[in-house]
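What you are looking at is a predicted structure, and each value in this text was computed from that prediction instead of being measured. In each ligand, atom 1 is the first atom listed, and ligand 1 is the first ligand listed. The figures that follow rest on heavy atoms only: side chains count, while hydrogens, waters and symmetry mates do not.
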Amino acid sequence: MTPEPNSHSANLARETVAVSAGRPERGPDAPVNPPIVLSSTFQGAGTPASGERVYGRFSNPTWDPFEAALSELEGAALPALVYSSGLAAVAAALSLIPLGGILVMPRHSYQGSLLLAEEEAANGRFTVRTVDIADTDAVTAALRGSGTEEADSRPASMLWVESPTNPMLEVAEIETLASAAHDVGALVVADNTFSTPMVTRPLELGADVVLHSVTKYLAGHSDVVLGALATSSEELRTRLHSYRSLHGAVGGPFEVWLALRGLRTLALRVERSQATAGILAERLLVHPAVEAVRYPGLPGDPGHERAAKQMDGFGSILCIEVAGGAAAAQAVAENVRLWLPATSLGGVESLIERRRRQPAEPQSVPENLLRLSVGIEHAEDLWADLAQALAR
Ligand SMILES: *Cc1c(COP(=O)(O)O)cnc(C)c1O
């Protein structure tokens with residue numbers, strides 16, 4: 001029997017793609033899972049037998065199935081690129097901004113992305129204009145360079161999109177913003193970490209590059225740190241690949257293998273955690289110890305209508321503002337028994353964090369805000385634990 005390639009069809013459902021993409025070729029005794037290839041170098045370099053891999057900083061066979069699967073989930077025409085962390089992927093994406101260019105970025109972007117962009121700006125690499133990403137008119141003005149306070153009225157070279165944002169959960173009108181960015185010649189990078197491709201596909205909405213902290217939902221078990229980028233542009237992919245090779249931001253084969261293992265259950269995990277997030281959001285909304293709930297799935301949420309149009313579901317992160325200020329919010333994070341007080345998100349276990357305990361968090365994030373990353377535990381257990389901590 002000759003081995004035949006996996007018959008992978010473009011019209012498989014995303015749930016099926018997550019399970020079936022990137023499998024080894026079919027054949028007698030072929031493994032069902034790709035092996036972990038621990039090799040820093042590959043035979044044949046400089047000889048007539050030279051292949052394409054050459055050296056472990058350029059490629060590794062363990063990366064390929066993960067990159068193929070993520071690319072298929074995001075609807076990218078080319079294999080994705082895995083990086084050593086989400087921030088390494090952020091750095092690679094920011095490298096696409098020309099020297100002296102202008103980056104338009106949500107003021108509530110992921111903290112590390114904001115800090116890195118600010119550092120690049122301080123070093124004179126580019127200028128940053130921060131915006132309320134939910135305010136489409138303001139973002140468009142910032143992209144054009146009109147209406148900005150700076151003397152610099154040049155158009156932007158890159159638009160950074162996060163939707164929903166961290167931790168304010170603002171929803172961006174990705175399609176409208178992407179076309180406004182393209183009108184002024186700016187590239188669009190969408191950090192899709194919070195949504196995952198199960199919920200939002202930014203490339204389909206016009207983004208040029210989609211970014212992931214694979215650390216979060218894609219790997220899904222809080223046991224690896226990895227990042228990834230995906231694009232359908234040959235030119236951009238070549239530059240991003242070269243950035244990875246030259247800056248050495250490569251993932252370890254074992255970590256990438258774990259990420260693919262996690263990806264297999266992405267659909268189930270997201271389905272469960274976002275269903276539970278919806279249940280918890282409804283109950284928290286009427287809890288006397290909770291002043292406000294931010295969750296795009298709530299009909300009263302400012303991002304609800306947009307989210308309903310643009311997303312499949314509403315994600316699994318929700319934020320609450322606890323009555324009684326910072327101390328009361330901190331006490332809730334300390335009094336939970338099942339929820340774990342920890343930063344990060346997107347794992348099978350539910351995490352809770354008062355974001356402003358971090359000095360670098362933007363001042364516009366309320367002091368009493370708790371970010372809840374809903375995991376896959378039973379909704380009633382999660383609710384009972386939150387309710388006892390809120391009752392104290
Ligand atoms: C965590 C995170 C990052 C950074 O990823 P690391 O894997 O921690 O380097 C970037 N963007 C978002 C939205 C994140 O949540």
Near ligand 1, which residues have a heavy atom under 4.0 Å away from one of its atoms? Ser85, Gly86, Leu87, Tyr110, Glu162, Asp191, Thr193, Phe194, Ser213, Thr215, Lys216, Leu226, Leu345

Lys/Arg N to Asp/Glu carboxylate O, Arg294 vs Glu321, below 4.0 Å: yes

Mind telling me whether His287 and Trp383 have parallel, tilted or perpendicular rings, with 30° and 60° as the class edges? perpendicular

Quick one: list whatever passes ring pair (Phe, Tyr, Trp, His ring centres under 6.0 Å) with Phe194, sequence neighbours left out. none

Plane angle bin for Phe58 and Tyr55 - parallel if under 30°, tilted between 30 and 60°, otherwise perpendicular: perpendicular

Test side-chain contact (heavy atoms from CB on, under 4.5 Å) applied to Arg53 - qualifying residues, sequence neighbours left out: Phe42, Ser59, Pro61, Asp64

Considering residues at least two apart in sequence or located in another chain, which fulfil the side-chain hydrogen bond (donor to acceptor under 3.5 Å, both in side chains) criterion with Ser350? Glu377

